[in-house]
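Below: the structure, in C-alpha cells.
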Amino acid sequence: MNIQFLVAQMSGKLPEGFVRPAVLDTALPECAHRRCRNKVAIKRDGTPAHACQGCLDRRARSCKRRRAALVAQGGCRRCAYRKRLQGDFLCQRCRDDRDTERAQKRRDAIDAAAIDEFAAKPDRAHEPSNLDCGVSPWNARAPREPSAAYWSPLPDPVPKAERGWEASIHDSGWRYRRH
C-alpha cells in the first residue's frame, strides 16, 4: 500500500499532487436560484453545491455589504447583529466566545509545553525508589494498634506490675527477650 495514501486516510487530507477525477457537467443539477439555469458549482471536497459559482459569489457580496452596514450602525464587529458593549467593538456574547477561545489556546499551549518538557527529559532505565532499599508495603512494619486503654475512659482495673498470675512460675520467657 502507498504510504502517502495511508497517511491521507488517517489525516483526512488528500496527498500532495493528487488530481481529482473530472466531474462531467452533464451530470450536475441546475442552480437552485429562480432565474438561473447554470450548472451548480463544485465544492472543495468534490461534492456539488446548491447554486452556481456566480450566484454564490453574489450572495457572499450581499452578505458582506449587509454586515458592513450593520457594523456601521453600531453592531458587533464579529457577528454584526448584536449591539456592541460601551467602549468596545464586540458584543457580550462574542466577547465571552473570544475569551473562551483564548483560554483554550492558553491551555493547549501549556499542555504542549508540558509534553515537550517531558519529551526532552532523557529516558532513564530505572527510577530509584524506596523499593530499592527493601521497604515495601508487604514487608513494612505493621501499624500500631491502640490498646484497650486508648478506648476506655478509665485506667486498667489492675496495673500490669501487679498481674502476677500472668507470669509463669516455671518459665521466665528468657528465650524471647533480646537483652
Side-chain angles (χ1 to χ4, degrees), residues 1-21 42-50 63 67 70-71 74-179:
M1 180 175 225
N2 189 347
I3 190 70
Q4 283 186 332
F5 287 107
L6 186 64
V7 170
Q9 280 182 332
M10 298 303 284
S11 66
K13 294 177 183 172
L14 292 173
E16 292 293 325
F18 181 80
V19 180
R20 292 185 182 281
I42 305 297
K43 294 181 189 174
R44 280 191 194 141
D45 61 358
T47 58
H50 74 284
C63 288
R67 286 173 63 88
L70 288 170
V71 169
C76 171
R77 282 223 205 128
R78 194 175 185 193
C79 68
Y81 296 108
R82 286 179 290 279
K83 190 84 174 147
R84 280 186 285 204
L85 291 174
Q86 186 69 32
D88 198 0
F89 57 89
L90 294 178
C91 64
Q92 185 63 47
R93 186 167 164 189
C94 289
R95 173 170 280 288
D96 294 343
D97 290 347
R98 190 187 64 183
D99 292 347
T100 304
E101 289 164 11
R102 283 183 177 172
Q104 184 63 47
K105 272 188 188 172
R106 198 175 303 117
R107 247 180 269 122
D108 291 345
I110 291 169
D111 292 347
I115 291 168
D116 292 344
E117 183 183 340
F118 176 76
K121 284 184 185 174
D123 291 339
R124 282 191 258 176
H126 179 66
E127 186 75 32
S129 70
N130 279 341
L131 297 174
D132 298 334
C133 306
V135 177
S136 79
W138 292 277
N139 68 3
R141 186 181 292 125
R144 292 187 313 241
E145 290 187 16
S147 66
Y150 176 84
W151 297 108
S152 63
L154 302 171
D156 289 339
V158 181
K160 283 199 174 196
E162 298 174 13
R163 293 187 195 164
W165 50 267
E166 281 184 339
S168 169
I169 301 171
H170 306 293
D171 186 14
S172 64
W174 61 272
R175 295 182 305 283
Y176 305 116
R177 292 200 194 98
R178 267 208 253 173
H179 303 294

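A quick note: this is a predicted structure, and the numbers were derived from the prediction, not measured. Basis for what follows: all heavy atoms, side chains included, without hydrogens, waters or symmetry-related copies.
Legend: residues meeting side-chain hydrogen bond (donor to acceptor under 3.5 Å, both in side chains) with Asp116, ordered by chain and number and at least two apart, are absent. Legend: residues meeting salt bridge (charged side-chain N to carboxylate O under 4.0 Å, His left out) with Asp111, ordered by chain and number and at least two apart, are absent. Residues that satisfy the salt bridge (charged side-chain N to carboxylate O under 4.0 Å, His left out) test with Arg78, not counting sequence neighbours, are Glu101. Applying the side-chain hydrogen bond (donor to acceptor under 3.5 Å, both in side chains) rule to Glu145 yields no partners; only residues at least two apart in sequence or on another chain are considered. Listed by chain and number, the residues in a side chain to side chain contact (heavy atoms under 4.5 Å, CB included) with Lys83 amount to none (sequence neighbours excluded). Checked against side-chain hydrogen bond (donor to acceptor under 3.5 Å, both in side chains), Arg175 has the following partners two or more places apart in sequence or in another chain: Asp171. Legend: residues meeting side chain to side chain contact (heavy atoms under 4.5 Å, CB included) with Ser172, ordered by chain and number and at least two apart, are Trp174. Under the side chain to side chain contact (heavy atoms under 4.5 Å, CB included) criterion, Arg44 pairs with no residue, sequence neighbours left out. Residues forming a side chain to side chain contact (heavy atoms under 4.5 Å, CB included) with Gln104 (at least two apart in sequence, or on another chain): Arg107, Asp108. Residues satisfying the salt bridge (charged side-chain N to carboxylate O under 4.0 Å, His left out) test with Glu162, not counting sequence neighbours, are none. Thr100 is linked by a side-chain hydrogen bond (donor to acceptor under 3.5 Å, both in side chains) to nothing, counting only residues two or more places apart in sequence or in another chain.
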Discussion item. Run the side chain to side chain contact (heavy atoms under 4.5 Å, CB included) test on Cys94 and Arg77 for me, step by step, so that the C-alpha distance in whole Å, both residues' side-chain angles and the decisive distance to 0.1 Å come before the verdict.
Written reply: CA-CA 9 Å; Cys94 289; Arg77 282 223 205 128; over 6 Å; no
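Separating the CZ atom in Arg106 from the CZ atom in Arg102 is a distance of 8.5 Å, to the nearest 0.5 Å.
Residues in residues 87-96 take part in these side-chain hydrogen bond (donor to acceptor under 3.5 Å, both in side chains) pairs, two or more places apart or across chains: Asp88-Arg95, Gln92-Asp96.
When every heavy atom of Phe89 is checked against every heavy atom of Arg84, the shortest pair comes out as CA-CD, 3.4 Å.
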